[in-house]
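The structure appears below as structure tokens.
Only this structure's heavy atoms are used, side chains among them; waters, hydrogens and symmetry mates stay out. Values in this document were obtained by computation on a predicted structure and should not be read as measured data.
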Amino acid sequence: MFDSVQCPLAVETETIPSRRSVAGNSRFKKLTVSLCISNRLQTPARQMLERYLRRSTPLMMAVVYIFATSFAMAQSGRDATAGMQTGRQAEMQRASKSVPMKKTETNEKVEAKVAIPKAPQPDFFHRWGRAYLADWSGNAPGTAVPQQPRRGTPGPIASPPFPASDWPIGGTVVIGAPDTQTYPLMQAINGNKDVNKIYGWLEVGANGSTNNKTNAAKGIAANAPAAYDVYSNTVQLDQFALYFERQEDTAQNDRYDWGYRVTGLYGVDYRFTTSHGILSQQLLVKNAQYGFDPVMFYLDFYLPHVGEGTVVRVGRYISLPDIEAQLAPNNYTYSHSILYTYDCYTQVGVNVTTKIHGHWTVQGGISPGCDTAPWTTDAKVTGNACVVYTWHNGGDALNTCDNTINDGKYAYNNLTAFYETWYHRFNAKWHTDTEAWYQYMRDVPNMYWYNGGFARTAAHPWPETNGAGGNLNFGAVCEDPRLSAAQQSSQCFAPEWAIVNYVEHNFLHNTASLNIRNEYVDDIKGQRTGTPAAYEEHMVGFDFWAGSTVTFRPEISYIKCYSSYKTLDGRAVSCTDISAGSSVASDTQEWIAGMPGATLPSGRGKQSSLTVAADLIWHF
């Protein structure tokens with residue numbers, strides 16, 4: 001027999017005659033067999049084996065005995081090799097084989113100390129896959145980090161299917177809201193047990209459009225001024241984003257806290273986030289289709305006793321106003337409005353956000369300007385100030401903002417811009433967002449001199465160009481290009497205004513949304529788009545979610561432009577299916593030469609376009 005240390009379960013069969021002895025009415029010697037059954041067998045298997053042994057012939061019992069003995073000895077050898085027993089324990093076991101050991105209190109203590117082997121733990125990729133399966137089945141793991149209850153009004157909308165449960169506010173976290181967000185990657189790494197997080201997403205998009213002149217190698221994005229699906233009739237990697245983040249705890253108000261975020265973005269969409277002076281040669285010199293941008297890097301400092309909480313942000317951060325955001329999951333739709341595409345994207349500086357009380361939040365900051373690094377020649381001291389008022393238990397919010405306070409003179413994206421944004425919740429299923437801005441630059445060079453090939457002088461200034469003479473920052477169409485050079489000014493004031501509205505509907509139990517966007521943009525001097533024209537855009541789209549980790553967003557959009565300028569042969573200038581700004585450049589060259597043959601091949605496009613597009617976002 002095996003002792004209890006080697007053999008946790010010893011089964012002794014009862015002594016029975018063989019079937020042959022009963023049938024032959026003759027007495028045969030009875031056989032007693034003791035078996036060591038491994039504890040690695042599941043309980044039903046052990047019970048079945050016991051029942052089988054009690055009914056087996058002596059021969060079969062002997063065969064099973066030999067097999068079980070061999071298995072037990074082999075298993076014992078493996079355990080010893082694995083280091084689960086000490087030399088002393090091995091010696092005791094060898095002794096127990098020659099001298100049966102009586103079960104004493106000492107033996108029971110030895111038995112109690114023997115650890116039952118643990119089940120193997122799932123590896124990293126197994127845990128990662130299980131996190132997705134749990135999310136898609138509606139059982140996504142919650143954060144294991146203790147959280148304070150939310151302060152202030154509840155989140156007005158559902159997320160998913162909307163990007164967030166709170167109305168957008170840039171330059172800060174939502175003061176009073178705990179960080180309950182979890183991610184599949186962090187579940188695989190540490191079970192979402194840490195305030196330091198690594199996460200991101202992969203976004204792939206595609207579109208089919210009536211525009212057909214896209215040439216990424218030549219930098220022709222034919223769907224512009226639409227964004228972010230600017231390259232027509234393509235499949236593209238829009239964004240591969242990776243975040244490293246610690247969010248400060250603003251739900252509590254009794255201690256100081258801090259946070260950080262570092263975000264890298266690779267894909268087509270780098271062209272919309274690029275800041276002059278931060279790896280900007282990819283776009284401003286090479287006009288590459290794909291690129292990398294460190295779109296955010298900042299530190300947050302939370303001061304709980306200033307107002308109802310204050311966040312000081314230092315670094316590069318997303319511009320304060322706007323319904324939309326550059327990062328794909330933070331936007332209602334795949335494409336973006338024209339209004340959003342041609343305003344400020346990021347700033348490098350310091351921003352202070354204070355929640356005064358439940359209704360009022362104020363913001364103020366300083367930076368070197370929109371989309372400009374402090375070490376560039378375009379940098380200038382720029383202030384910003386915003387006031388947010390909420391009412392109806394958070395269901396309404398009004399955000400008033402002056403995003404760039406400086407001299408407003410022409411420089412890279414130096415837009416003096418005034419914003420008003422209103423968010424309104426009708427009920428749990430419907431809400432609407434409306435945003436309007438007016439922005440301008442002063443002393444903007446007249447594009448006539450650059451487009452017409454005139455030498456650069458004080459009287460004939462050019463817009464900002466790169467080393468190869470390529471345009472970095474559009475000037476303005478100050479006068480009708482059909483007028484003569486004597487009637488052209490050197491500089492002018494270049495304003496534009498825009499308004500956009502979103503209507504949003506939540507359905508299918510928070511797994512889908514209907515998105516309707518309508519907008520009007522008047523680029524009066526063409527400083528933003530390159531074509532002096534008014535634009536209307538209409539879009540209908542959907543978001544479909546699998547859990548909170550996979551998003552599919554199909555949509556259809558229509559753009560039309562209206563311009564008072566004409567070509568030499570009387571046609572309206574083009575605003576889409578062209579290289580940006582080339583239509584006016586063609587017109588200028590035509591009128592100067594007095595013949596249509598001077599037109600740029602990329603300058604003849606369309607006044608309207610229809611685009612069907614979709615993207616897929618996979619969060620990790």
Next on the checklist: For a salt bridge (charged side-chain N to carboxylate O under 4.0 Å, His left out) check, start with the C-alpha distance between Arg528 and Asp522, then their side-chain angles and the critical distance, and finish with the verdict.
Outcome noted: CA-CA 10 Å; Arg528 302 313 296 153; Asp522 193 354; over 6 Å; no

Next on the checklist: Test side chain to side chain donor-acceptor pair (under 3.5 Å) on Tyr334 and Arg553; report intermediate values, then the result.
Outcome noted: CA-CA 6 Å; Tyr334 173 32; Arg553 303 186 296 186; over 6 Å; no

Item to check | Pair Glu496-Trp437, side chain to side chain contact (heavy atoms under 4.5 Å, CB included): steps then yes or no | outcome: CA-CA 8 Å; Glu496 52 273 343; Trp437 53 240; 3.6 Å; yes

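Looking at heavy atoms from C-beta onward, Lys566 lies out of side-chain contact with Arg571 at the 4.5 angstrom threshold.
Aromatic ring centroids of Phe493 and Tyr440 lie under 6.0 Å apart. Less than 6.0 angstrom separates the ring centroid of Phe272 from the ring centroid of Tyr228. Checked against a 6.0 Å centroid threshold, the rings of Tyr520 and Tyr535 do not count as neighbours. Remark: aromatic rings of Phe542 and Phe552 are distant, center separation not under 6.0 Å. In this structure, Tyr450 has its ring center under 6.0 Å from that of Trp462. If you look at His431 and Trp167, their ring centroids are closer than 6.0 Å. Ring centroid separation for the pair Tyr243 and Trp201 comes in under the 6.0 Å cut-off.
Side-chain N/O atoms of Gln282 and Tyr290 include no donor and acceptor closer than 3.5 Å. In summary, the side chains of Ser209 and Ser232 do not present any donor paired with an acceptor at a separation below 3.5 Å, with no hydrogens or angles considered.
For Arg517 and Glu537, the salt-bridge test passes: some basic side-chain N is under 4.0 Å from an acidic carboxylate O. At a threshold of 4.0 Å, the pair Lys380-Asp407 counts as salt-bridged, since one of the basic side-chain nitrogens sits closer than that to a carboxylate oxygen.
The one candidate from Asp322, Thr421, Thr390 that meets the side chain to side chain contact (heavy atoms under 4.5 Å, CB included) condition with Asn399 is Thr421. For the side-chain hydrogen bond (donor to acceptor under 3.5 Å, both in side chains) with Gln326, the qualifying choice from Tyr340, Tyr345, Tyr270 is Tyr340, the only one to do so. Checking Thr263, Asp293, Thr273 one by one against Arg316, the side-chain hydrogen bond (donor to acceptor under 3.5 Å, both in side chains) holds for a single residue, Asp293.
At least one test fails for Lys560 against the ring of Tyr558: distance under 6.0 Å to the centre or angle within 45° of the axis.
The NZ atom of Lys213 lies 7.0 Å from the OG atom of Ser574; values are rounded to the nearest 0.5 Å.
Contact record, Pro168 with Ile323: CG-O, 3.6 Å, taken as the closest heavy-atom pair.
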